[in-house]
Structures are given as C-alpha cells and as structure tokens.
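Bear in mind that the values here come from a model prediction, so they are computed numbers and not experimental data. Protein chains get the first letters and strands the later ones, always in sequence-line order, with residue 1 at the start of each.
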Number of protein chains: 2
Amino acid sequence: MTDVLSRRDIDFLLYEWLDVTSLTSRTRFAEHSKDTFDAVLDLSADIAHKHFATHNKKADAQEPTMRPDGTVDMIDEVKTALDAYATSGLIAGQFDESVGGMQLPTTVARAAMAWFQAANAGTAAYPFLTIANANLIAAYGTEQQIDDYLRPMLEGRYFGTMCLSEPQAGSSLADITTRAIPQEDGSYRLTGTKMWISGGDHELTENIVHLVLAKTPGGGPGVKGISLFIVPKFLPGTDGSVGERNDVTLMGLNHKMGNRGTTNTLLAFGDGTHSPAGQSGAVGFLVGQEHRGLSYMFHMMNEARIGVGFLAISLGYVGYLKSLEYSKVRTQGRPLEAKNPSSAPVPIIEHADVRRMLLAQKSYVEGALALGLYCSWLVDEHDTVEDAATADEARLLLDVLTPIAKSWPSQWCLEANSLAIQVHGGYGYTRDYDVEQHYRDNRLNPIHEGTHGIQGLDLLGRKVTMHDGAGLTLLGSKVAETIERSRLLGGDTARYADELDVVWNRVVEVTTILRSTSDTATSLANSSVYLEAFGHTVIAWMWLEQLTAVVGKDGDFYDGKRHAARYFYRHELPKVTPQLDLLASLDRTTLDMNPNWF
Amino acid sequence: MTDVLSRRDIDFLLYEWLDVTSLTSRTRFAEHSKDTFDAVLDLSADIAHKHFATHNKKADAQEPTMRPDGTVDMIDEVKTALDAYATSGLIAGQFDESVGGMQLPTTVARAAMAWFQAANAGTAAYPFLTIANANLIAAYGTEQQIDDYLRPMLEGRYFGTMCLSEPQAGSSLADITTRAIPQEDGSYRLTGTKMWISGGDHELTENIVHLVLAKTPGGGPGVKGISLFIVPKFLPGTDGSVGERNDVTLMGLNHKMGNRGTTNTLLAFGDGTHSPAGQSGAVGFLVGQEHRGLSYMFHMMNEARIGVGFLAISLGYVGYLKSLEYSKVRTQGRPLEAKNPSSAPVPIIEHADVRRMLLAQKSYVEGALALGLYCSWLVDEHDTVEDAATADEARLLLDVLTPIAKSWPSQWCLEANSLAIQVHGGYGYTRDYDVEQHYRDNRLNPIHEGTHGIQGLDLLGRKVTMHDGAGLTLLGSKVAETIERSRLLGGDTARYADELDVVWNRVVEVTTILRSTSDTATSLANSSVYLEAFGHTVIAWMWLEQLTAVVGKDGDFYDGKRHAARYFYRHELPKVTPQLDLLASLDRTTLDMNPNWF
C-alpha cells in the first residue's frame, strides 16, 4: 500500500522548518521531546494505515443506512478503527493533562490527525468533530460539563457534533429558528431541526454530545440572540453512566457524492419522539452565557476551518502520492525524441505533461501543508508564549490566515485530485482505483464550514480591514521578513523573493483601493477573486519559507522542494496578476448583471 | 422539470448567428427548411425530456451489471428511451437519403443530439457511438457492409462501438497487440483484448457492430501496421437476420465515477469462448484497405472529439440551468447593504458571488456551445460547399479547432458543473439534487477520445505547425475579420475587439517562438498550457462573434449575451496573459524535474 502521507515531508516541516522541538521549552510542553512527537506520528501512521485506509473504499461503497427502528447501520470496520484510535489516547492528544490529555502541541496533533484524514476522510470525521467539540467545552464549559461530557469524549466513549445549519438557513445563521426555553432547574428545552449534522447519529459510542445553536426568548434579532447548548443524545445518568434518552431524533441521512463514510444527518430536536422526564423537548444545558453562542461557536469554527483545510490537504496529498506511484509503474508511449516506434514504452512519469501534473500536485499539497502547519504553530504560539504582545500577534495572524487555510486547500488540493485522476487516465475514473473517491470526498471542502464565497467575504470584508488593517500590516511584515532573508540567499531564492515582493505590494495596494470605496457592494463584489489571489500569494510565501529551510542541504528531497518552488513561482504565482488587475478596476460585472438577463 | 438546454440560445446560435437556414440552398439540404429544422429540434427536446431525463438518476444509481451467464442487466428505461429515439428516425438524421437518412445538416443534428446528452449522458452514448461508427462505414464501407451493418444501425436495430484502446495501451495506439489473420474467404480472424469499450455489450439491440483496430501480418511497426475491421457480435445471417454468435466475449464491466448508465467494457476478441463456423477467433471484415486503419479511425475520431465537446457542453449547460433555477427559488441571507437582520431573506441570485458563479457558467457553456456549433457548421461547409478552396479552408479550420472544441468544454464546462454544485451549497453535494451527477459524468470528458495532454500535443505539435502554419494563419484571418466587423460597432464590442486583437497577436507571436526552437521537447513541454491559452482566446472570439449577432437587438436575452461577453472579457480572457508569458519564456520546469526528486 502506498503511504497516505509523506513522513519525510512532515518531518521537514515540523523539525527543519517550524522547529517544533523548541516548543518543548514552553511550560505546557515541558514533558515532551522530539521522541514523544515522533512516537505520536509513528503511532498515527501505523493506526491510519492498518485500520483506516483499509476500509476507505468499502465505507464509500457501503454507506451508512437508517434502519426501520431509526438507528444507523454501518460497516463494522468503522468501529474497529475508531476503537483503535480511542485506545491510542490520540483523541485527547492536545488536551490538558488535568482532563486526561497529552498536552501535545496543536501543530503535532494536527500532523497526527492528517494521517487519519488522508487514510479515510469519512471515518476520521468522527474524532475530528469530537476534538473540535471537546475544545469548546474545555474552553467554556463548567466543571460539571467537563466531567459529564468532555472526559468521556476524550476517552472515546462519547463522540461530539456541531449543530449549526438548519434546512432553511445554511450559511445564514441569523435565520436559525431552533428555540430554547429555560426551565426551572436551570436546563433548557430545545425544539427545532438541524441539517447537515455530521456524525449526528450512529451506534459507535455510548453517547453523542451535540453542541447546538438556538435562540432563547428575549434575545436580540439576527445572530445576537443565539446561545449555545450541550444537548446529549442520552442524558447523564448516575456515576458517569448513560441515562435517559433525550428528545433528539434522527430524521434522515443525507446521501452525498463523497464523504459517504460519515453519517450526515437531519436531526429533530424536541419533536416529541422521546419524552425525557416525561416531557417532550430536547433537554439542553447552556454553555457559558446566554446570547454569546455565536462567539463561542466561532472559537470552534476557526479550529474547524483550519481542520477542513487539513482534510483537503490530506486528500490532495494521498492522491498525489498514489498518482506518483502509478506514474512510475505504468508504462505507455515513448519520449518525443524516440524515433523507433518499436522501442519499449516508458513509465509515464517520463512524459513532460505527466511531470507537469505531478509537479502541480506537489506544489499544491506541500504548499498547503506548510500553511496548515504554520497556522497550527500560531495556535501553539498564541496559547503558550509568555509575552502577551507576541500572543496577540499570533492570534491576529491566525485570524487573517484562517480563510486562506480553509479555502486554498479546498480549491487547489481538489484540483490536485483532479490531476491525480488525469495521471491515471481512464483507470483513474474507475472505482477500481482510489483517486476518484478522493476527488469526490474533497469536493465537500469548498462547501462546509463556510463556503468559498463566505471565506472571501470574511477575508476582504473583515479580516484585512479590522483594526484598521492591522492584520494585513502584520502579515506584510512577516512576508517582508521572509523576503529579506531570502534575498541574502541569492540565486533563484532571491529572484522569487523579488517576485513575491512585487505581488505582495500589489495585494496591499489593491486592498487599499477596495477599502477606499464607500460602496461596500462594489468593494466586496469580487471577494472570491480577492480570496484566490491572496491565497496564491500566501502559498508563494510558504514556498519561499520552505526554500529558506533547505539552504545548504543536498539530496533528492531538498532538490524536490527547490523544484516545486520553481514550479509555483513560474506556473502559479503569475496567475494572480490578472486577478489583481480586475480587483483594482473595481469591476462591477457581477453586480450589474440583471437576474432577468440569465 | 427544468429544461435541459435553452432552445432560445440554440435558435439564436443556429438562426441568428450561423444562419443555418441558408444551408438549404445547398443541393444536399434542398428538401429542408427552417420548419424541418425546428421540427427536429422540437422532437429531440420532447423525447429527451420525456424519455431520457426521466431515468438519468436511476441509471446512475442502478448501473448495469454482468449476469452470471455473461449478459448485461440494466434498467428497462434505457431500452424504452432508445426505442423511442430509434423510432423517431433521429439516428439517421445526418445520413444520405439513399441509406434511409434525413440529410440533415450536421449543425442541426448536433444541436438535436445535445438535448439527449444534456438529459442523460449515459443513455445518449449508445446512439452517439452508433452514429460515429455509422459515419465511418458510410465513408469507407463496401456496399455489402453498408447493407449488413449501416442500414440496421440507422434503423436502431444494431448499435455500434469503437474498439481502440487495450489494457496495456491507452493513448498509445502504436502498442496495440490485437492481431488479425487473413482467411481464405477474405475475412479475418481477430485475437486480442480491448479496454474501455463503451456500449461494448448489452441486450438493447439485435446486434452490436464493433469497429476494431488490429494489426495484420507484415504491417509496419507502430501505428503503420494498423488496419480497421468490422467485428459484429453476431455474424450476418441470411435475409438481414442475425446469424451465428461471433467470438467476442464480455470479460467485465468497468465501474466508473460517472457516466454509469453506459456499459463500459473489457472485451475479449477470439479467446475461444465462441466458435463461429466451428473455429475460435473473432471473425472480422476489413474496412477499406489494410494498414490504413488509423486514418479511417481518425476520420471518426475527429467527429467523436467534437461530439465529446458537445457532451461536456450539454452537461455544463444542464447544470447551469438547474443552478440558475435553484438560485431563484432558494432564499438565504440578505444583501450586504441590508441593515435589518429581521428583514426577509432574499433569493440567493441577489448575492454578487452567486451571480458571479452563474455568469461564469453562462459564459462557459454558451461560449462553448457557439464553438461546437461553429465546428459543426464547418463540417457542413466542407461537405456541401461547391467551391473546392472554400471546402479545403473549412477542413483546415476544423483541424485546428478540433482540439479546442474537445478540450475547452471538457475543462470549463466541468468547472461550470463545479460552480453549479457550489450555487446549491450542501444540497448540491447530495444525490437528492442532480448537479453532483453532472459533475461526475463530465469528469470523463478530459480523459476519453484523447486526453487533455494529447489534445495539447495535437494542437501545438501538429495542428498549428502543419502546412507551415497555414491553419493558424487561416484561423487568424477569421479572427481578424470578426475584429474588424466588431470595431465598426463601437462601444464595448469595439473595446473587446481591441483586446482580442492584442491577445491573438500574442498567441501568434508565442507560437512562432515555440516553433523556432529545434528542441521539440522544450517547445512541447507546456503544450497543455498552450492548449488552455489558445482555447480561452478562441472562446473570446466566439463571444465577440455572438456580439456581432446581437447588434441592434433589445430584450433580456440579448442583454444577457452582452453581459456574459463582458464577463468573459473582464474575468476570463486576461487569464491567458501569464500563460503566454510562460510559454514565451520556453520554460523548462517540467522537463528539468528529475523523477527522483518527487
């Protein structure tokens, strides 16, 4: 079996570039060392290959179904894999020792999770969502909630979900209609319907912890009235056991193009199917304060968005490795200069166009992985650095980069999967090979956790303008640092630095133009184009950063980094110029389109 | 049900732009009129909506299977639809009256077929392939072959296939190993295995006519030794009846990501499963002369490539129309300028980013449809114009444009399908809606009938260089004519004409640079990039052409054309500049990549 990720690349990014070993000087990570990080990565790769990759195709072909009794049927391999994962303790990897965690750096935990996402996106989603959920309860939950829900999740006995969307309100959370009515005992009763809930029901664990957005009486209009609730499938029993069934009912499973291994559900809260304590209505427990639900959820959502980026990266990466492997063993055709039609066919990696498709994939997935790990490192920096100003800086950088870390891999690692199919030719289009599934699985990522369009609005409408553009300025200073270091290195690296300098300055200039118009509709009309141009520029920065880490190092691996950077600077970065030109012109083509003209 | 194509757009392109009615002045089409063309289009839309669109999802969900006895099982609706199609006489649409055809212009026949491709790509593939096969037998077959195979195919009693690829030789036909041994009676016996054969087996018709490439003894090396054979599933019986089973055996069905409704097969020829006339070996009948098989097949392949372009266009178009419809009925969110979060949500078409995604789709599918119909019109021009020089010109133009007519829709109408999913949000990713299937179906098109990479090599390595670049020069003169006419029109049209002029001159200049190097490997290293830049330029030309046909016309439809052209010139055409810059630099990044560095 082809490896689903490159450990060599991960080692390079973690140790040779980001120097995560130095994080062990922080109090939180003092018990750790390169050895413990390596052990986590080894263990993850091992479980991912043995238990996750092995049922990836089967879980796609035999997706979960709803039984007549309303429970979910799925192939046994999913539970076997998840039990192995839970037993390893990895769910608790980045959590505090006080709640049973390993206190791993987020950077290492993300790299570890990427093995599972690459091996089997569908099965990996369960712990992925559980960790995101647990993060939120750890941050905002009461001691009781931590005992009742967080600990069992970290042990793998419960899984968690995020319940935001409703059938009539996908991206528009202001329009949710799920209601929560306070009860005398301090709990709430919820009624409403939630859509697209991944992991929303299954028989994999003793219990399922839903984090639900709902509106309470007296809240403000729109998003201001939203609060956050823990709504467990089963109410807590005595002594940590699972108690009475809550009024949360599986209404149906969504059948998707990909990501079929994860149950994706329509859930009814409080429709009276169950009557906890003799009364219909789903029992919920407020997290934090009333009406602050959206800000808590965004805490989780930013993590989730970077995690979606990792999912896209992981799927892009595994497709790249499989098409690379295929290109070395599949023989077909001859070099253009071969004059003898009877000469033996060559491995297709010998053809320039196949090498183009492999180089493109390499530049996408390795560039995106660098960004994903850098963002994770910023989380560690924010959480553990002693100097408050540095911590704030890390948070601000993370805020600006999150829309890119989510959207860029979702677009370009999907494109990588398309290229992986193309390298395989007709075989790649069949279900006999794996790459078509990776492509289908990956197509979800530009949609969930904030669509591509939402990310564009977030970046241009908020992230680069907030605090009078402080985030953009800070990012610019980081880019400038890399450019300065790179110029000293001479050669191609210095030349790329000059190119990036020009493009970055253009991005800043275009941002100023867009911000200078008081007509918000015009300035945001092409925010998706802005997102894409900004994204390519950030990934070019990531490639320059990688080049600064290969200086003076010889060997195929480092030459590959150098060459992939060359590909990105020659073939990819120039794509942003017409995008920035369009933005600078304050183009109103989309706004001026009359819907009747379609 | 949403229409699968826009009749209004087809009418515009056929009658207002290409003026196909004027073709009725040609002897071949003298019996026709706008009324007969309209009747064919009405009939096609009617059958397509009633019998094809209705089982599109079902055929995807319940793909054909192979029974233990080696026959193929599929849902009944496929045969019902194809019988309705055959009864209509449309299979014979463009064929001579002498063989039972309607002598329709190819342009009209293609537009008619597009309804079926848009409604149900999988089911439409059977007549599509049959027509391509029949074209070839009509051109090169003997009278006997015409009676034995062509007539029954045109009546819909037999279907046809193209058998080129083999498991070890996909795009590389020089490496096929199927052998044909001449027999004393003038027939041949074939042995070999063919892969990816669409419609290769089924129980839909009395017989299946395979057109098979094979090598005969004494042929030259590589492609020079290839001959073409008719190999029927059942040998001809007496009095037009079907006779003995030939030694052609279904070895297995390929299970693909999309296009599931079409059987796609691995076929064994002459493996001894059957023994026609008491002897193993598949009986074949030579078409034309020995060793000229590839040139005959290319006759069919060019038609097939334009047809694949139409398949991609049709799938892009139906996805566009469905996402347009969805965007008008789905409400979500508010305009950016809305200050009241309690105001009613608006249809999502009101959001600029949704309009961007719809405009992009519109510009892709309508631009591509114009090119497809223009290429079809060139076929009619070539086949029926009296002046030989004009006919030659049409052929030359068609030769240059064929790689674009195949590859551009395969890339950009697939992108349109991705945007159609995105407009639908999470719903678009589910199988409850149609667009995910269109996307999966369309992903085949950059692969079959010559991959994207093969089209690039064909365009840059052959089509623009042959006859000392005569094809490029001729195309340039046509583009220049459009530019001249457009400049006279003033306004946006004149401005776009100036922009196209600049880009076209740059394409010519870059072509000269690429041809000027004697190092073929370098000049062809980025032929896919050349293909893409050339394609965008050609579609920009098609948009300018359409603008010349809307002059002085008022109303939503024409305003829509004007605005889609604006979108293409503002958002799309500028993308070619960095591509042409890369090509002009004779970039060797892909060539210089050492396979060990991956």
(message) Using side chain to side chain contact (heavy atoms under 4.5 Å, CB included), reason through A:Asp556 and B:Phe598 one step at a time and then give a plain yes or no.
(response) CA-CA 8 Å; A:Asp556 288 343; B:Phe598 280 110; over 6 Å; no
(message) How long is the straight-line distance from CG of B:Leu582 back to NZ of A:Lys575, given to the nearest 0.5 Å?
(response) 10.0 Å
(request) May I ask you to check whether A:Asp587 and B:His571 show a side-chain donor-acceptor distance below 3.5 Å? (result) yes
(message) Salt bridge or not between A:Asp175 and B:Arg334? Use side-chain N to carboxylate O under 4.0 Å.
(response) yes
(message) Using the ring centroid of each side chain, check whether A:Trp196 and B:Tyr427 are separated by less than 6.0 Å.
(response) yes
(message) I'd like to know whether B:Asp432 forms a side chain to side chain contact (heavy atoms under 4.5 Å, CB included) with A:His255, so could you lay out the CA-CA distance, the side-chain angles of the two residues, the decisive distance to 0.1 Å, and finally the verdict.
(response) CA-CA 7 Å; B:Asp432 295 327; A:His255 295 290; 5.5 Å; no
(request) Apply side chain to side chain contact (heavy atoms under 4.5 Å, CB included) to the pair A:Gln422 and B:Ile447, showing each step before the final yes or no. (result) CA-CA 7 Å; A:Gln422 198 67 19; B:Ile447 299 173; 3.6 Å; yes
(message) Let's test your reading of the structure: which of A:Ala360, A:Ala352, A:Ser327 forms the most heavy-atom pairs below 4.5 Å with chain B?
(response) A:Ala352
(request) Write down the atom of A:Ile349, the atom of B:Pro595, and the distance for their closest heavy-atom approach. (result) CD1-CB, 3.8 Å
(request) Give the minimum heavy-atom separation between B:Gly453 and A:Asp353, together with the two atoms involved. (result) CA-OD2, 3.3 Å
(message) Between A:Met357 and chain B, with a heavy-atom cut-off of 4.5 Å, which part of the residue counts as in contact: side chain, backbone, both or neither?
(response) neither
(request) Answer with side chain, backbone, both or neither: which region of A:Arg588 has an atom nearer than 4.5 Å to a non-hydrogen atom of chain B? (result) both
(request) Examine the side chains of B:Asn254 and A:Thr430 and answer whether a donor and an acceptor come within less than 3.5 Å of each other. (result) no
(request) Counting only heavy atoms closer than 4.5 Å, note whether A:Leu324 contacts chain B via side chain, backbone, both or neither. (result) side chain
(message) Is A:Tyr320 close to chain B through its backbone or its side chain, or both, or neither, when contacts mean heavy atoms under 4.5 Å?
(response) side chain
(message) Is a donor from one side chain sitting under 3.5 angstrom from an acceptor on the other, for B:Thr590 and A:Arg355?
(response) no
(message) Testing the 3.5 Å rule here: is there a donor-acceptor pair between the side chains of A:Thr589 and B:Arg566?
(response) yes
(request) For residues B:Ser418 and A:Arg443, report the shortest heavy-atom separation together with the two atoms involved. (result) O-NH2, 2.7 Å
(request) Please examine the side chains of A:Met257 and B:Tyr439, heavy atoms only from C-beta on, and report whether any two atoms are closer than 4.5 Å. (result) yes
(message) Please evaluate residues B:His448 and A:Tyr429 with respect to the criterion side chain to side chain contact (heavy atoms under 4.5 Å, CB included), reporting the C-alpha separation (whole Å), side-chain torsions for both, the decisive distance (0.1 Å), and the verdict.
(response) CA-CA 10 Å; B:His448 66 161; A:Tyr429 191 64; over 6 Å; no
